Structures are given as structure tokens and as C-alpha cells.
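From a predicted model like this one, the values you see are computed outputs, not experimental measurements. Because only heavy atoms are used, hydrogens play no part in the values below, and waters and symmetry mates are left out as well, while side chains stay in.
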Amino acid sequence: MPDRKVAFVTGASRGIGRACARELARRDFDLVLTARTVTGAERLEHSSTVRRSATNPLPGTLEETAAEVAALGATAFIAKLDLAEPADPPAAVEAAVARFGRIDVLVNNGRYVGPGHMDPFEDTPLELIERMFDCNVFAPLRLIKLCLPLWKRQGGGIVINITSSAGQTETPAAIGQGGWGLGYSITKAAFGRMIPGLAKELRPYKVAVIGLMPGFVATERMAAELAEFGFDASKGLPTDNPGRVCAMLATADDPMLFSGHDVYGPRFYAEHAGTRFAP
């Protein structure tokens, strides 16, 4: 019997990453679950004296996600991964390969969320925008580069980048009134641009590089923290929507058909509901 496929998911402790992990488990993947929050004890490290746009501790841990996917029949391996720490991606990939011997799908979902991410540019130190580039652009590139030798040996692989319309369109309102910080826009733009470029370069190795634009999704963070910034979580999609689309793309008969494209999740799922793609 062939080995089960393995998906490596960043930001898997909650939100879209957690939903992607669940749906991939339903499609018979084993999971490498990565994030900063492993047990929940890490929440105690957050300071109560940070800026207004800092984030508060939220529900969700890697241990909880691991229990959910285990209940669906998947084997889960937990690896703490802070995208801002250059040593964390190679350590996580090395540990994942030691555990499973392979990685078939990389889901780049995690991003910088922390103090200052919703502040106006005037109030944002450039060092913070550098940190956002570290998390939102360089860490995903580092993970892809780490996985590429594996995919070349395995005969292929899939990268799914969770993108955002913020990287393509101007913020619709002022910061704090339904708009988002400049750092998010410019890093998501760079994150999105890696998709067509890498798709061309990696096609000879049968590595598909796909964008998944989830639309407006009601994550735990959206519901708990972003109302004061003009975001109404009651109007958002459930996280299961992008999670299911992620699983559809990961199990497509020919994922290369989607390589180089940014798939709009809500429309893709609506078009394929009731077909062999749908769960």
C-alpha cells in the first residue's frame, strides 16, 4: 500500500489554516501542523502594554487541531514555527521529513499578525514592515526552497499560497474604518506575485504553485478583534469554505492545470459543488 500523502500547513492553530488541515485530513492526508501556538501557554508571552492594534490571545492551538485531524483518521505531527525566525522553517521541514519521509503539499497560510499590523503608515516603524516581509514573503519562499529537493526526488509537489485581494486592490476605506495597513497590502502583493513566476520555473519538476484567494472569511481573529477596525465578521464566509477549496486543489487529477493562477475560493467551490471535486 503506498504511503499516505503529507501536507505541511502553516498557521494551523486556528482560522483558515486549521480548516485546511481538517479538510486535507478528510482527503486522507497526514498533516504537519505548524504555528507559534502549540499548547496555549504561549499566550502568556503576549504583553498587555502594546499598541492599540496589537492582537489579544485567541482560541486555538496546534494540539487542538491535531486532535481534530486525528479524529478524522490522520496522523498529525506538530512543529512550532515562528515565521519571523529564520531557523524555524528548516527545523520544521527537517523534523517533518524525519517523521514522514515526504511532503507532498505545502500550504503557505501563516502571516504576520501582531502589534502594529493595523496602524497607519505614519505610526508604523519601518522595522515592523520589514518583519511583515520576513513573515509574509521570505518565510514562504524559504519553505518552498526547502521543499524543492524533496519534490524533485518525489516527482512533483504542490504549493498552495493563501492570498488576499489586499495585494491586488486598494483598501476600500481608511485604516481602522474597514481598511487595512499598508504593510499587509504590499507584502500580500509580493506574496501573490511569486505564484506565476515560480509556476514557470518549477513546472519542469511537476511542482504546481497555486494561489487560493479565500474571500472575506470570518476567522476567530476577525470575530474577536477586528470589529473595532470596521470589519463585520457576521458577513464573512465560514473557514470551511477555503479549507474545502484547498483540499480540492490538493487532490486534483492534474494540479498543474491550476499552476500559476490565483483561484477565487468562493466561486471555485460554488462551481464545483456536486462534482467529483466536492467533499
Side-chain angles (χ1 to χ4, degrees), residues 6-26 29-96 98-100 106-118 128 131-132 134-136 139-140 143 162 184 214 217-229 231 233 236 238-243 246:
V6 176
F8 185 114
V9 184
T10 67
S13 57
R14 62 182 65 89
I16 292 173
R18 189 174 189 170
C20 289
R22 285 196 303 261
E23 297 301 329
L24 287 162
R26 291 190 173 100
F29 278 82
D30 289 330
L31 279 304
V32 181
L33 304 172
T34 74
R36 291 179 298 176
T37 308
V38 177
T39 67
E42 300 85 354
R43 295 169 182 150
L44 299 176
E45 299 174 7
H46 288 270
S47 169
S48 61
T49 60
V50 291
R51 304 173 65 86
R52 172 177 176 267
S53 59
T55 54
N56 296 316
L58 292 172
T61 68
L62 291 180
E63 288 187 344
E64 291 167 355
T65 305
E68 289 182 341
V69 301
L72 295 168
T75 298
F77 176 78
I78 291 173
K80 188 177 189 301
L81 197 167
D82 185 338
L83 295 172
E85 296 296 331
D88 280 11
V93 170
E94 182 179 356
R99 174 63 180 84
F100 292 114
L106 168 63
V107 182
N108 280 319
N109 163 73
R111 64 177 179 89
Y112 175 83
V113 181
H117 78 116
M118 290 289 287
L128 177 59
R131 188 175 181 86
M132 296 176 78
D134 287 340
C135 295
N136 300 0
L143 286 166
I162 306 300
Y184 182 65
V217 178
T219 63
E220 296 95 332
R221 190 176 303 282
M222 182 75 66
E225 295 183 343
L226 296 185
E228 65 173 306
F229 297 104
F231 295 91
T239 57
D240 286 349
N241 190 289
C246 177

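The backbone N or O of Arg36 sits nowhere less than 3.5 Å from a side-chain atom of Asp82 that would complete a donor-acceptor pair. Checked by atom type and distance alone, the side chain of Thr61 never pairs as donor or acceptor with a backbone atom of Thr37 at under 3.5 Å. A donor-acceptor pair under 3.5 Å is formed between the side chain of Asn136 and the backbone N or O of Tyr112.
At least one side-chain heavy atom of Leu81 sits under 4.5 Å from a side-chain heavy atom of Phe8. Contact of the Lys80 side chain with the Ile78 side chain is not registered, since no non-hydrogen atoms from C-beta on lie closer than 4.5 Å. Put simply, the side chain of Thr75 reaches to within 4.5 Å of the side chain of Phe100, judged on heavy atoms.
Between Ala35 and Gly11, the shortest heavy-atom distance links the atoms CB-CA, 4.2 Å. Annotation for Cys246 and Val107: closest pair SG-CG2, 3.8 Å, computed over non-hydrogen atoms. Closest approach of Cys135 to Arg111, counting heavy atoms only: CB-C, 4.3 Å. The shortest heavy-atom contact between Thr65 and Ala12 is OG1-O, 2.8 Å. Residues Ala21 and Leu31 share a closest heavy-atom pair of O-CD2, 3.9 Å. Of all the heavy atoms in Thr10 and Gly110, the pair that sits closest is OG1-N, 2.8 Å.
To the nearest 0.5 Å, atoms CG (Asp240) and CZ (Arg18) are separated by 11.0 Å. Rounding to the nearest 0.5 Å gives a distance of 11.5 Å between OG of Ser13 and CD of Glu63. With rounding to the nearest 0.5 Å, the separation of OG1 in Thr34 from CG in Leu83 is 7.0 Å. Atom CG of residue Leu33 and atom CZ of residue Phe77 lie 10.0 Å apart, to the nearest 0.5 angstrom.
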Inset, instruction - List the steps and the verdict of side-chain contact (heavy atoms from CB on, under 4.5 Å) for Arg22 and Thr239. - result: CA-CA 11 Å; Arg22 285 196 303 261; Thr239 57; 3.9 Å; yes
Inset, instruction - Could you walk me through whether Asn109 and Cys20 pass side-chain contact (heavy atoms from CB on, under 4.5 Å), step by step? - result: CA-CA 9 Å; Asn109 163 73; Cys20 289; 5.8 Å; no
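The side chain to side chain contact (heavy atoms under 4.5 Å, CB included) test with Val9 singles out one residue from Leu106, Leu24, Ile162, and that residue is Leu24.
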